[in-house]
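Inspection log for the structure reproduced underneath, given as structure tokens.
Sequential numbering from 1 along the given sequence is applied to the chain's residues. In each ligand, atom 1 is the first atom listed, and ligand 1 is the first ligand listed.
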Amino acid sequence: MINKNIKAKKHLGQNFLIDKNIINKIIEVSEIKDKDVIEIGPGQGAITELLVKEAKSLIAYEIDSDMISILNSKIKGENFTLINSDFLKNDLNWKEKKHLVANLPYYITSDIIFKIFKNISLFSKMTIMVQEEVADRIKALKNTPEYSKLSVSCQFLAEIKKEFVVPPSCFLPKPKVNSAIITLNFKENLDQNYVNEFLNFIKICFSMKRKTLFNNLKTTFTKNKILEVLKINNLKENIRPQELEWGEYEKLFKDFKN
Ligand code: SAM
């Protein structure tokens with residue numbers, strides 16, 4: 001259990017989990033038994049303590065040096081490696097695919113998610129705690145207000161499940177909004193270069209959400225090419241980015257490459 005006297009650092013997104021049932025449920029849905037696991041932001045080790053017992057190996061990245069001695073005294077195990085460093089600044093490099101489990105620091109949620117996607121061939125599954133609103137954006141369907149670059153990117157790469165909602169009372173200090181656990185099971189055989197190019201294409205398509213797709217694409221492709229590709233796909237010239245699902249985007253992406 002965590003030490004409630006330790007002052008949480010707001011600027012590092014520290015909201016420590018204090019609810020045992022929620023921690024058990026995270027372990028259950030993350031399916032990490034005998035797997036190689038990465039944890040981002042172990043904090044005082046609320047999830048780490050259980051991860052280390054179930055996983056084959058666990059590497060945890062924690063930016064806050066004050067957490068390191070707490071973790072080292074609490075968590076024993078030859079399968080545990082603790083790295084005192086900013087996850088975003090680390091080059092990732094290993095042989096076997098790993099599962100990622102994290103109660104994410106909310107101030108860098110999307111930077112972390114896109115870093116994982118830039119290294120997709122290193123991961124098989126990701127179980128993350130995010131603000132509920134982010135979980136809803138990740139799984140949003142086209143033509144809804146939540147639908148965004150994040151939705152298309154995640155749905156292109158993974159089977160997604162919003163597992164359960166976690167109320168503020170399960171954390172110390174309490175965040176202002178509900179959180180949710182969401183799992184992304186990554187598709188197999190994703191080619192990293194293809195993924196990078198596709199994600200970049202989606203970034204261009206959604207660069208201005210209120211503009212038409214045509215206007216967003218104009219920054220990168222010629223007018224004639226855009227008109228040609230829209231026509232092949234039977235799309236109106238004034239179609240908006242939020243009107244297409246990931247499969248339709250992949251088709252457009254391939255047509256622009258040709
Ligand atoms: N896992 C713990 C728990 O569930 O109680 C703590 C979760 S807390 C929401 C986020 C953790 O991420 C904090 O321990 C914080 O220090 C750490 N953190 C913040 N930014 C980080 C970064 N760039 N790299 C690694 N860890 C980071």
Counting only heavy atoms, tell me which of Ile2, Ile63, Asn90 gets closest to atom 18 (N) of ligand 1.
Ile63
Are Lys56 and Asp36 ion-paired here, with the side-chain N under 4.0 Å from a carboxylate O?
yes
Using modelled atom types and a 3.5 Å cut-off, is there a donor and acceptor pairing between side-chain atoms of Asp19 and backbone atoms of Asn21?
yes
Looking only at distances, please establish whether an N/O atom of ligand 1 is found under 3.5 Å from an N/O atom of Asn103.
yes
Neighbour count above 12 (heavy atom, 6.0 Å) for Lys161 NZ:
no
Under 3.5 Å between some N or O of ligand 1 and some N or O of Gln44?
no
For Leu17, counting its heavy atoms only, list the atoms of ligand 1 lying under 4.0 Å from any of them.
3 (C), 4 (O), 5 (O)
Among all protein heavy atoms, pick the one closest to atom 1 (N) of ligand 1 and tell me residue, atom and distance.
Gly41 O, 2.8 Å
Does the side chain of Gln131 pick up a donor-acceptor pair with the side chain of Ser179 at under 3.5 Å?
no
Show the atoms of ligand 1 that are less than 4.0 angstrom away from any heavy atom in Phe16.
5 (O), 6 (C)
Shared ILVMFWY cluster between Val29 and Leu184, side chains joined below 4.5 angstrom?
no
So for Leu88 against ligand 1, with non-hydrogen atoms under 4.0 Å, the contacting part is neither
Considering only heavy atoms of Glu39, which atoms of ligand 1 have at least one such atom less than 4.0 Å away?
1 (N)
Worked check of salt bridge (Lys or Arg N to Asp or Glu O under 4.0 Å) between Lys162 and Glu132
CA-CA 9 Å; Lys162 181 177 170 188; Glu132 187 181 14; 2.8 Å; yes
As an exercise, identify every atom of ligand 1 less than 4.0 angstrom from a heavy atom of Pro42.
1 (N), 2 (C)
Just checking, any donor-acceptor pair under 3.5 angstrom between side chains of Ser85 and Asn90?
yes
Can we say Lys139 and Glu146 salt-bridge, meaning some charged N sits less than 4.0 Å from an Asp/Glu carboxylate O?
no
Between Glu243 and Lys142, is the closest basic N to carboxylate O distance under 4.0 Å?
no
Quick note on ligand 1: atoms under 4.0 Å from a heavy atom of Ser85 include exactly 24 (N), 25 (C)
Atom 23 (N) of ligand 1: the protein heavy-atom neighbour that sits closest, reported with distance to 0.1 Å
Asp86 OD1, 2.8 Å
Measure the distance from atom 13 (C) of ligand 1 to every protein heavy atom, then report the residue, atom name and distance (to 0.1 Å) of the closest one.
Gln14 CG, 3.6 Å
Starting from atom 20 (N) of ligand 1, which protein heavy atom do you reach first, and at what distance in Å?
Tyr107 OH, 2.9 Å
Which atoms of ligand 1 sit under 4.0 Å from any heavy atom of Gly13?
8 (S), 9 (C), 10 (C)
Nearest protein heavy atom with distance in Å, relative to atom 19 (C) of ligand 1:
Leu12 O, 3.1 Å
Among all protein non-hydrogen atoms, which one is nearest to atom 14 (O) of ligand 1, and what is the separation to 0.1 Å?
Glu62 OE1, 2.8 Å
Under 4.0 Å from a heavy atom of Leu104: which atoms of ligand 1 are those, numbered in the order shown and with their elements?
9 (C)
Write out the residue and atom name of the closest protein heavy atom to atom 24 (N) of ligand 1, then the distance separating them to 0.1 Å.
Phe87 N, 3.0 Å
N-O pairing of Glu49 and Lys53 below 4.0 Å
no
Could you tell me whether the side chain of Lys251 and the main chain of Trp246 form a donor-acceptor pair under 3.5 Å?
no
